[in-house]
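For clarity, every value in this text was computed on a predicted model and none was experimentally measured. As the structure lists them, so they are numbered: ligands from 1, and atoms in each ligand from 1.
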Amino acid sequence: MLFDLKHFFDTGKRPYESRLTVDLSARDFSGAVIPQPVQAQFTACPVAEGVVVALKAEAEVHGDCALCLDPVRRSYAVDAEWTVRERDLADPDFELPLEEKGKLNVDEWLFQEFMFQIPTVLVCSAGCQGLCPACGRKKAACICPKEAQQAAPVDARLSILKSLLN
Ligand SMILES: [Zn+2]
Ligand SMILES: [Zn+2]
């Protein structure tokens with residue numbers, strides 16, 4: 001959804017509210033995805049300093065545990081608020097995604113906010129021990145000797161995980 005913020009500065013006298021459904025399923029959140037359409041609430045409210053825009057949503061994120069590769073399903077919520085001043089509309093460094101002519105790209109804003117909420121490394125649980133580099137099974141389930149479990153991982157994907165965690 002594009003919200004004509006510039007127009008709202010000129011004509012908006014009362015709060016505006018919109019409920020929208022945003023499809024973020026094609027977007028990548030550091031390897032995790034949001035497969036279901038996201039229900040979001042967008043509001044714009046004229047105030048003395050400018051316009052307060054706000055965005056609320058909640059979504060279930062699907063990813064893989066960075067340690068054991070098990071699927072991870074977790075809900076994340078977005079609750080963002082921003083006071084926009086009229087001069088912001090012409091500022092190329094303004095942090096909200098504005099299109100030409102002062103239109104706010106609400107879908108893109110929602111993506112950015114989820115990007116901010118979702119950690120780049122997901123783990124299934126705080127106590128996850130990860131995979132054994134020798135047998136590839138979960139450490140909790142494998143019967144390899146301790147030295148083998150500590151050995152350098154041979155699998156490239158495990159090496160990447162290891163470097164991520166260091
Ligand atoms: Zn795990
Ligand atoms: Zn093992």
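Within 6.0 Å of the NZ atom in K56, the count of heavy atoms belonging to other residues, nucleotides or ligands does not exceed 12. Open room surrounds CZ on R137; 12 or fewer heavy atoms of other groups in view lie less than 6.0 Å from it.
Aromatic rings of Y76 and F114 (six-membered ring for Trp) have centroids beyond the 6.0 Å cut-off, not under it.
Summarising the geometry, atom CG belonging to L5 is positioned 9.0 Å from atom CD belonging to E86; distances are rounded to the nearest 0.5 Å. Rounded to the nearest 0.5 Å, atoms CD1 (I118) and CD (E113) are 11.5 Å apart.
For a distance threshold of 2.8 Å, the protein N, O or S atoms nearer than that to the Zn ion (ligand 2), listed by chain and number, are C132 SG, C135 SG, C142 SG, C144 SG. Excluding waters, the protein N/O/S atoms found under 2.8 Å from the Zn ion (ligand 1) are C65 SG, C68 SG, C124 SG, C128 SG.
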For a quick test of your reading: what N or O donor-acceptor pairs under 3.5 Å do the side chains of residues 28-51 make, sequence neighbours left out?
unit_1, atom_1, unit_2, atom_2, d
D28, OD1, G31, N, 2.9
Q39, OE1, T21, OG1, 3.3
Q41, NE2, E17, OE2, 3.1

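Between L96 and L104 there is a side-chain heavy-atom pair separated by less than 4.5 Å. Contact annotation: the side chain of L55 never approaches that of W82 to less than 4.5 Å [non-hydrogen atoms, C-beta and beyond].
Every residue two or more places apart in sequence or in another chain that forms a salt bridge (Lys or Arg N to Asp or Glu O under 4.0 Å) with K138 is listed here: D70.
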